[in-house]
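A quick write-up on the structure given underneath.
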Amino acid sequence: MQLTLEFGGGLELLCDSKKIHNVNIEQHNGEGKLIMKDLLSWVRTNLIKERPEMFMKGDTVRPGVLVLVNDCDWELSGQLDTSLEEKDVVVFISTLHGG
């Protein structure tokens, strides 16, 4: 499944300072359905190059990370259970900033 992943608000620093990633993810659950929980696991394994604890806590994103799926807050679509489809755009933005 082809997806576009975007990282902002400093999260791109965890991914070799690259903000946009066009990825192809093979679904391993056999159902042809990819959910956000699967995507987060894939991102931690394949894209995060350093300090994964700054992106994830347990099996979800850390508090302070805004997640948008096709410009819609994932809290409105089921969070970890949000279903993803071909060519979806998933954006991760850190809302925590130093001062």
**Item:** Contact check, side chains of Thr95 and Val65, non-hydrogen atoms, under 4.5 Å
**Value:**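 Answer no - side chains too far apart.
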**Request:** Find the distance between CD1 (Ile35) and CG (Asp81) and round it off to the nearest 0.5 Å.
**Result:**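 Between Ile35 CD1 and Asp81 CG, I get 5.0 Å after rounding to 0.5 Å.
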**Item:** Distance, nearest 0.5 Å, that separates CG of Leu84 from CG of Asp38
**Value:**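 So the CG of Leu84 and the CG of Asp38 are separated by 8.5 Å.
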**Message:** Quick check on the hydrophobic clustering: are Val61 and Leu80 connected, directly or via other members, by side-chain heavy-atom contacts under 4.5 Å?
**Reply:**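 Yes, Val61 connects to Leu80 through the hydrophobic network.
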Looking only at non-hydrogen atoms, find the nearest pair between [X] and [Y] and report the distance.
X     : Y     : result
Glu53 : Arg62 : O-CD, 2.5 Å
Val69 : Met36 : CG2-SD, 4.1 Å
Leu11 : Met54 : CD2-O, 4.1 Å

**Request:** Look only at the side chain of Thr82 and the backbone of Ser77, and say whether a donor-acceptor pair between them is shorter than 3.5 Å.
**Result:**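 Confirmed, Thr82 side chain pairs with Ser77 backbone.
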**Asked** Should side-chain heavy atoms under 4.5 Å link Ile, Leu, Val, Met, Phe, Trp and Tyr, which residues sit in the same cluster as Val89?
**Response**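 Reading the cluster by chain and number, Val89 sits alongside Leu66, Leu68, Val91, Ile93.
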**Message:** If you count every heavy atom of other residues, nucleotides or ligands that lies below 6.0 Å from Asn24 atom CG, does the total exceed 12?
**Reply:**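 Yes - once you tally the heavy atoms of other residues, nucleotides and ligands closer than 6.0 Å, there are more than 12.
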**Item:** Residues, nucleotides or ligands: over 12 heavy atoms within 6.0 Å of Glu85 CD
**Value:**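 Open.
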**Request:** Assign the ring pair Phe92 / Phe7 to parallel, tilted or perpendicular, where the plane angle (0 to 90°) is split at 30° and 60°.
**Result:**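 Plane angle under 30°, so parallel.
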Would you mind writing out the side-chain donor-acceptor pairs for residues 40-49 within the sub-3.5 Å range, not counting sequence neighbours?
residue : atom : partner : partner atom : Å
Arg44   : NH1  : Gly58   : O            : 3.2
Arg44   : NH2  : Gly58   : O            : 3.4
Thr45   : OG1  : Ser41   : O            : 3.1
Asn46   : ND2  : Trp42   : O            : 2.9

**Asked** Any salt bridge between Asp59 and Lys37, counting N to O under 4.0 Å?
**Response**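 A salt bridge links Asp59 with Lys37.
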